[in-house]
Amino acid sequence: MGRKILFVTTDQQRYDTLGCNGGAIARTPVIDGLAGEGIRYERAVPASVVCMPSRSTMLTGQSPRRHGVWMNGVPLPVDAPSAAEVLRRVGYRTALVGKPHFEPFLDPFGRFTENRLARLGVPTVDSLGHDGLVGPHRGFEHLEFATHSSAGQLHYARWLAENHPEVIDGFYATLDRDLEVNADGGGATGAPQVKDNPVPRDWYHTDWVADRTIDWLDALDADDDWFCWMSFPDPHHPWDPPESELGRVAWREVPLPEGYSIDRAEREAILDAKPRHWRQWYDGQLVSNFEAPPSWVPATLTADQLREVTARNAVEVELIDEALGRVLAAIAARGWADDLDVIVTTDHGELGGDFGLLFKGPYHVDSLMRLPLVWRPAPNSGVAPAVVNGPVGLVDLAPTWCAIAGVAPSPWMEGVRLPVDEADHVDRHPGRVITEWDSERFGVTVGLRTITRDGWVCTVCMPGSVHDGSEGELYRLDDDPLQRENRWDDPALRSVRDDLVADLVDSLGPVTGGRRPVEAPV
Amino acid sequence: MGRKILFVTTDQQRYDTLGCNGGAIARTPVIDGLAGEGIRYERAVPASVVCMPSRSTMLTGQSPRRHGVWMNGVPLPVDAPSAAEVLRRVGYRTALVGKPHFEPFLDPFGRFTENRLARLGVPTVDSLGHDGLVGPHRGFEHLEFATHSSAGQLHYARWLAENHPEVIDGFYATLDRDLEVNADGGGATGAPQVKDNPVPRDWYHTDWVADRTIDWLDALDADDDWFCWMSFPDPHHPWDPPESELGRVAWREVPLPEGYSIDRAEREAILDAKPRHWRQWYDGQLVSNFEAPPSWVPATLTADQLREVTARNAVEVELIDEALGRVLAAIAARGWADDLDVIVTTDHGELGGDFGLLFKGPYHVDSLMRLPLVWRPAPNSGVAPAVVNGPVGLVDLAPTWCAIAGVAPSPWMEGVRLPVDEADHVDRHPGRVITEWDSERFGVTVGLRTITRDGWVCTVCMPGSVHDGSEGELYRLDDDPLQRENRWDDPALRSVRDDLVADLVDSLGPVTGGRRPVEAPV
Amino acid sequence: MTTRASVRRERRIGRPVEVVWEVIGRPDLLHLWYPGIEACEVRGDVRTITLATGMTLEERILTLDPVQRRFQYRVTGGLFQEHLATVDALDLGDHTTLAVYSTDAAPATMALVLGGGAGAALDELARQLEAATGPAVDAVRAGPHPSSAPHANHAEREATS
Amino acid sequence: MTTRASVRRERRIGRPVEVVWEVIGRPDLLHLWYPGIEACEVRGDVRTITLATGMTLEERILTLDPVQRRFQYRVTGGLFQEHLATVDALDLGDHTTLAVYSTDAAPATMALVLGGGAGAALDELARQLEAATGPAVDAVRAGPHPSSAPHANHAEREATS
């Protein structure tokens with residue numbers, strides 16, 4: 001019998017929302033406890049700051065330029081390599097419960113497997129893997145899906161429709177009637193993507209994901225090894241947690257984020273020192289991507305709206321922490337506690353008011369790039385608690401799962417096993433993480449390439465319909481932790497910049513083949 | 001000094017509208033007189049039964065498959081060969097007054113020379129000819145244009161707008177607001193394309209064409225040789241002659257055409273024995289071409305409507321005859337009478353009620369194919385009056401002009417000089433005339449190939465969106481002068497049909513190159 | 001304000017244009033090469049398609065032009081504020097064909113989603129044509145739909161006022 | 001009942017697609033390659049063209065998409081019951097380009113007439129590009145129009161309700 005792997009992801013969660021990372025709004029005792037017993041990563045960086053590319057990187061252990069999911073809406077090929085399949089082949093039982101998003105959700109033709117599965121009423125379907133062998137979809141024997149919405153084709157929406165149809169309309173409509181990200185406001189402040197949701201907590205997707213996970217685990221044999229990806233849709237907007245829970249955080253008393261300048265002139269001066277897409281979006285002049293409501297103008301965000309959004313986000317984080325606690329209890333009840341590895345992370349962050357912005361987009365700063373990451377190795381593995389300060393990537397997850405399962409990482413995996421402490425990082429980790437942004441939206445193209453290394457974050461804006469290729473960003477993390485001062489054009493740092501850009505270009509390697517087409521906005 | 005050439009064309013005139021051809025409705029003493037002094041052709045056949053291809057054949061002496069104007073709306077290239085240019089190069093003064101239509105009329109961009117000329121206010125423009133030499137547009141030193149309408153870009157419309165704007169709205173609008181051939185009815189019967197037009201006769205286009213012709217002739221030197229194409233827009237619909245002239249023909253007393261069966265069942269039985277495009281159009285099921293109002297259904301034509309149309313057509317024919325008389329008088333006054341060759345013909349016929357149909361289309365029968373043609377050689381040429389029964393083509397006109405001018409026909413001309421009598425026809429004329437129809441209208445294609453020879457008219461329907469290639473028509477002209485009985489499928493005539501089809505295929509020769517695109521409906 | 005968008009997908013297919021048009025020009029066969037369309041019924045110029053999700057859409061056939069080799073339809077019934085789909089078979093003169101499938105739509109998002117479907121459809125079309133076998137190719141071989149014989153030109157008539 | 005029609009014209013141009021798009025993607029230069037258009041003024045997403053006949057037309061630019069290399073505009077102002085013009089530059093992968101100019105219009109007759117103009121325009125476009133000289137090609141070489149710098153995506157926004 002080997003180690004069991006519970007891989008927990010949330011969606012769009014900021015680093016600073018966890019107590020173990022210094023967060024003071026949400027209470028997250030379960031994750032904090034795992035961090036205390038395990039390894040907490042101070043700088044975990046995604047390969048992309050949007051869902052589909054980032055999740056594809058987790059599953060494949062590859063960068064977006066290699067797995068090809070270069071923006072949301074580009075499906076990960078069914079025959080892409082899958083770390084879950086690697087584990088399954090060495091005997092692991094495998095499941096993914098919650099939000100998948102390797103394929104577009106908006107799919108009226110029902111072309112994509114994620115959308116087909118719930119309709120078919122089967123736990124998985126067989127398909128051809130990257131090596132020509134047939135296996136369950138992406139290596140998962142059991143798939144049960146939820147997303148942020150009570151509508152759609154996935155299991156959670158169908159379960160609600162069948163069992164609790166009366167609560168469906170209580171959820172926020174994530175898309176408006178034009179199928180764009182909804183800008184409608186709610187709550188006390190009219191903040192976008194906020195709604196009071198009368199759904200009972202038990203029927204909310206966070207608890208549903210935990211329940212379905214527990215059900216799957218309960219059906220396993222006691223001596224099964226297993227890999228379970230439990231994927232919570234929250235705290236991604238909409239911010240419509242069960243209204244019974246809103247009292248957990250008094251929004252009027254929530255402090256404004258450090259990254260938010262209440263002084264408008266100061267806020268705008270900071271934006272103006274960054275590449276033009278920052279200010280253009282803030283002013284409502286540019287909608288470059290599908291990840292935020294296109295008709296919402298960030299400059300209209302009020303301090304109170306930000307407080308209310310922050311509070312609701314924290315409520316959602318607490319619910320996740322508690323749901324995770326229930327799952328861990330269930331696992332313990334099965335007698336697996338000593339063999340259990342838990343990894344908790346997210347796919348990318350949330351602007352969360354930094355620079356006056358919400359949601360996400362082509363903004364490679366800590367708001368979106370500094371992620372919560374905790375690895376609590378199985379107690380019986382004897383790994384000591386640690387904090388790792390050096391940068392690691394989500395690309396490192398797949399080799400980590402392999403290491404836990406005792407199999408060699410596959411040759412197509414680009415990362416390395418997560419370091420177990422700082423010394424291990426220095427020894428084995430390349431010390432740089434690359435983050436890529438590419439988007440196309442009706443002819444508007446934006447591309448960013450970012451390297452995180454040695455306490456610097458350096459971003460090159462690729463030529464496109466917004467940038468001419470000359471712009472970029474350079475931040476020194478230790479003396480500018482909020483990335484308020486763009487030092488790209490600082491002559492004193494020219495050699496630092498040149499060195500980082502050269503390393504970035506080197507690391508990107510040759511681009512092969514054309515881009516696969518976008519199939520849907522999300 | 002050589003012979004002068006007055007080439008007179010009308011538009012869409014039936015053979016049987018002239019007194020010399022047995023017509024009893026219109027009085028045409030001038031043309032009848034020319035026929036009596038000259039040569040009258042009993043079977044003059046166009047190369048196409050629509051304007052642009054047929055007129056292009058007259059000017060170039062080439063078949064549509066060679067000059068490339070395969071349907072209305074396909075412009076004759078500016079550098080197509082021109083018989084007028086041949087005459088000009090041997091010293092002839094050249095003019096075309098009236099309706100040109102080598103290029104589309106519907107031309108909002110003003111791309112075509114015919115439409116540009118009036119705007120530019122110049123008599124002609126220079127362009128590159130087919131042999132690379134520069135000369136006036138299509139060989140004409142003087143161009144002054146009119147068409148059926150009081151609207152548009154041509155000289156007559158501009159003249160009206162400048163001098164008599166109050167009469168413009170009295171004319172029938174040839175196109176409706178959708179720019180389709182107008183189906184609106186008028187007169188006493190509501191017949192399509194009929195309107196009472198209060199325009200004074202002097203300002204009507206028939207007299208304007210004669211006036212402008214006389215003006216041009218008057219400006220020539222007495223010893224100039226000249227070729228003048230006087231091109232009347234009438235009696236082509238609309239049937240809106242000056243209302244002052246309507247009393248010439250009492251429409252209620254006009255006999256119905258011989259080709260019209262008043263008995264509906266008989267009419268439809270005749271149509272049903274022909275290829276399917278006949279009955280389909282009659283019933284309003286098929287609109288294959290732009291030459292008739294698309295929203296008008298022939299089956300709705302009443303006998304009284306037909307009488308009124310026939311009467312108005314006759315009025316227009318009389319006005320042309322009188323206008324020609326005025327021009328001949330002016331020529332005589334210049335002292336040119338003895339040197340004057342006059343040729344009178346039209347571009348194609350008019351269904352005129354035959355088979356219950358009006359206007360024109362892919363219908364290769366006498367209604368559209370048997371044309372008035374009279375050649376009155378110069379009195380001093382000593383050519384004796386004659387009637388020629390054998391078929392001749394409009395393709396024979398260009399070599400005839402050359403012969404009159406004493407120059408060899410150009411190698412690119414396909415016809416032969418018109419025979420001066422029946423013996424000359426037997427000696428020199430191939431005895432067959434080919435008529436081609438091709439049309440494309442928003443994906444609906446129709447093609448006909450017809451041979452007129454030895455008293456037979458034989459038509460093959462080409463495969464297209466209406467025909468499958470198996471259909472055709474075969475008529476024996478002597479015992480079925482109205483072409484009421486299609487003998488295509490008569491087993492007794494199979495060898496006749498085979499022989500005619502073989503000759504037709506032989507005569508068509510290889511098709512070279514692709515079709516030029518249609519630029520406008522007309 | 002609803003935005004519109006236009007999304008074009010194209011594939012070069014190694015087959016002559018006439019062969020490609022034989023499939024594209026058969027509106028009744030779309031479900032045999034468009035992934036996610038499960039059924040397709042044509043009556044006159046109205047086509048009803050059933051998606052794999054169970055949704056049905058009613059479309060009006062606007063253009064079925066064998067000369068230009070252009071097929072167009074419009075989804076009717078209020079789902080879209082604007083819709084126009086255009087499928088072209090373009091002869092490249094070397095016995096290959098460029099098949100182009102365009103979607104104009106408002107809301108813009110739907111143009112993107114339908115564009116994705118069109119791209120997958122062109123992939124499948126190319127696959128079947130180049131293999132000279134597959135449901136659509138086989139159906140064409142089996143002969144024309146009874147209603148697609150030489151016919152009158154109702155297709156381009158559409159009331160717009 | 002007003003009928004609609006769709007007329008497509010295309011030309012293969014012996015130049016790379018980027019070079020062809022440089023011209024097609026400049027709405028302010030249309031008069032330099034479209035015979036019969038004498039002037040062309042672009043303000044925001046509104047283009048006003050003046051025809052050789054003196055007529056002026058106002059158009060709304062709907063799509064100016066350098067990624068797809070697709071340009072679309074719509075004549076506004078009531079002359080048409082429907083209008084959509086689409087100009088595409090399609091990469092054939094061998095350093096040649098298929099330029100396609102489509103007109104959807106009601107009344108149908110206008111589609112035919114505009115199609116004729118589009119065909120002549122493509123001829124002229126090919127002539128200038130293949131000769132690497134001519135008014136449009138020279139204007140592109142002279143640099144971008146001040147308003148065509150990297151810009152926000154107003155173009156695809158059109159009120160349809």
Side-chain angles (χ1 to χ4, degrees), chain A residues 52 69 71-75 77-78 103-120 125 151-154 157-158 161 174-183 284 287 289-291 293-297 439-444 514-522, chain C residues 1-12 30-40 49-59 75 77-83 85 99-124 126:
Chain A
M52 292 180 64
V69 183
M71 72 174 268
N72 271 348
V74 178
V78 167
E103 296 164 359
F105 287 151
L106 208 57
D107 176 22
F109 298 104
R111 293 192 289 135
F112 300 112
T113 306
E114 291 174 9
N115 299 318
R116 273 208 333 258
L117 271 174
R119 192 169 79 242
L120 293 172
V125 291
Q153 306 178 41
L154 301 183
R158 286 172 190 262
T174 53
L175 302 182
D176 63 20
R177 67 187 188 100
D178 289 341
L179 306 177
E180 302 280 6
V181 176
N182 203 342
V287 179
N289 52 294
F290 294 97
E291 280 71 27
S295 60
W296 178 73
V297 176
S439 61
E440 261 180 39
R441 185 184 182 275
F442 304 130
V444 176
R515 281 178 177 173
R516 288 206 306 280
V518 183
E519 302 281 345
V522 72
Chain C
M1 194 173 74
T2 299
T3 59
R4 74 181 297 286
S6 189
V7 174
R8 187 193 68 229
R9 295 300 174 90
E10 62 265 7
R11 290 292 178 286
R12 193 164 185 169
L30 185 68
H31 58 298
L32 302 181
W33 57 280
Y34 197 120
I37 296 185
E38 300 222 319
C40 193
I49 61 168
T50 305
L51 310 190
T53 52
M55 191 193 301
T56 63
L57 293 178
E58 192 160 286
E59 303 166 333
V75 176
L79 194 64
F80 294 86
Q81 291 178 41
E82 176 187 346
H83 179 264
V100 182
Y101 206 133
S102 289
T103 304
D104 287 282
T109 303
M110 283 308 292
L112 194 59
V113 172
L114 296 181
L122 290 177
D123 284 342
E124 173 63 12

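Reminder, nothing fancy here: chain letters follow the sequence lines and each chain counts from 1. Bear in mind that the values here come from a model prediction, so they are computed numbers and not experimental data.
When all heavy atoms are compared, the tightest approach of C:Gly117 to A:Glu519 is N-OE1, 4.3 Å. C:Ala120 approaches A:Arg111 most closely through the heavy-atom pair CB-NH1, 3.0 Å. Minimum heavy-atom separation, A:Glu180 to C:Ala108: OE2-CB, 4.3 Å.
A donor-acceptor distance shorter than 3.5 angstrom exists from the side chain of C:Thr53 to the backbone of A:Pro108, with no hydrogens or angles considered.
Partner C:Pro107 forms a side-chain contact (heavy atoms from CB on, under 4.5 Å) with one of A:Asp178, A:Asp176, A:Leu175 and no other, that one being A:Asp178.
Each of A:Pro517, A:Gly73, A:Pro75 has some count of heavy-atom pairs under 4.5 Å with chain C, and the biggest count is that of A:Pro517. Interface summary for chain A: among C:Leu51, C:Thr109, C:Leu57, C:Ile49, the most heavy-atom pairs under 4.5 angstrom belong to C:Thr109.
Atom CG of A:Leu106 sits about 8.5 Å away from atom CG of C:Leu112, to the nearest 0.5 Å.
The shortest distance between side-chain heavy atoms of C:Val113 and A:Pro104 does not fall below 4.5 Å. You'll find the side chain of C:Leu114 reaches within 4.5 Å of the side chain of A:Phe109, heavy atoms only.
With a 4.5 angstrom heavy-atom cutoff, A:Asn115 does not touch chain C via any of its atoms. Interface remark: A:Phe290 contributes side-chain atoms only to the contact with chain C (heavy atom separation under 4.5 Å). For a residue to count as touching a neighbouring chain, one of its non-hydrogen atoms must lie under 4.5 Å from one of that chain's; by this rule C:Tyr34 touches chain A with the side chain only.
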